[in-house]
Q: 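Quick one: this structure, given as structure tokens, is what I'll be asking you about.
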Amino acid sequence: MTNLTQNGLIRMDFIVGIDYNDNIKDAIDLIESTALQVEGVLQEEPPYATVDELGTSTVNIKVFFWAETNERCGTPERKYYAGRNKSAAG
């Protein structure tokens with residue numbers, strides 16, 4: 001079987017919850033700049049974040065990024081490290 005839609009890229013996402021008292025714009029700027037520093041995240045298609053949901057106790061920000069599927073960066077481990085690096089930056 002041949003997958004004609006395969007282009008070697010995958011878009012992944014994860015959620016970051018912030019406090020209602022936090023500055024949303026500052027949090028999004030920090031998340032996007034931190035995600036750019038994660039090995040394997042494509043610079044040509046920079047990560048972006050947007051408010052996804054107003055949760056019970058957090059504002060949930062969804063972070064989207066592109067990675068190459070032929071490297072380990074398309075795996076769940078990359079998703080974990082991208083979220084972990086955000087926590088370390090803030």
Q: Ile18 versus Ile24: any side-chain heavy-atom pair under 4.5 Å?
A: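 Side chain of Ile18 against side chain of Ile24, heavy atoms only: contact under 4.5 Å found.
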Q: For Asn23, does its backbone N or O pair with a side-chain atom of Asp26 as donor and acceptor, under 3.5 Å?
A: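 Such a contact is absent between Asp26 side chain and Asn23 backbone.
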Q: Quick one: closest heavy-atom pair of Tyr20 and Gly55, and the distance?
A: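 Where Tyr20 meets Gly55 most closely, the heavy atoms are OH-O, 2.7 Å.
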Q: Compare every heavy atom of Asn60 with every heavy atom of Ile15, then report the nearest pair and how far apart it is.
A: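 Minimum heavy-atom contact is CG2-CB, 3.8 Å.
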Q: What heavy-atom pair brings Ala49 and Ile61 nearest, and what distance separates the two atoms?
A: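 Taking Ala49 first and Ile61 second, the nearest heavy atoms are CB-CG2, 3.7 Å.
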Q: Please check if the side chain of Ser33 supplies one atom and the backbone of Leu30 the other of a donor-acceptor pair under 3.5 Å.
A: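 Side chain of Ser33 to backbone of Leu30, a donor-acceptor pair under 3.5 Å: yes, one is there.
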Q: Looking at Leu9 and Glu68, what are the two nearest heavy atoms and their distance?
A: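 The pair with the smallest heavy-atom distance is CD2-CG, 3.9 Å.
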Q: Quick check: closest heavy atoms across Thr50 and Ile28, and the distance to 0.1 Å?
A: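 Heavy atoms only, the tightest pair is CA-CD1, 4.3 Å.
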Q: Could you walk me through whether Val63 and Val16 pass side chain to side chain contact (heavy atoms under 4.5 Å, CB included), step by step?
A: CA-CA 8 Å; Val63 185; Val16 176; 4.1 Å; yes
Q: I'd like to check Tyr48 versus Glu32 (side-chain heavy atoms, cut-off strictly below 4.5 Å). Are they in contact?
A: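 Heavy-atom side-chain distance check passes, below 4.5 Å.
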Q: May I ask whether Phe64 and Leu42 are part of the same hydrophobic cluster, defined by side-chain heavy atoms of I, L, V, M, F, W, Y residues being less than 4.5 angstrom apart, directly or through others?
A: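 Unlinked, Phe64 and Leu42 end up in two clusters.
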Q: Quick one, Arg11 and Phe65 - any side-chain contact, counting heavy atoms below 4.5 Å?
A: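 Not in contact.
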Q: Between Gln43 and Leu36, what is the shortest heavy-atom contact and its length?
A: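 Reported closest heavy-atom pair: NE2-O, 2.8 Å.
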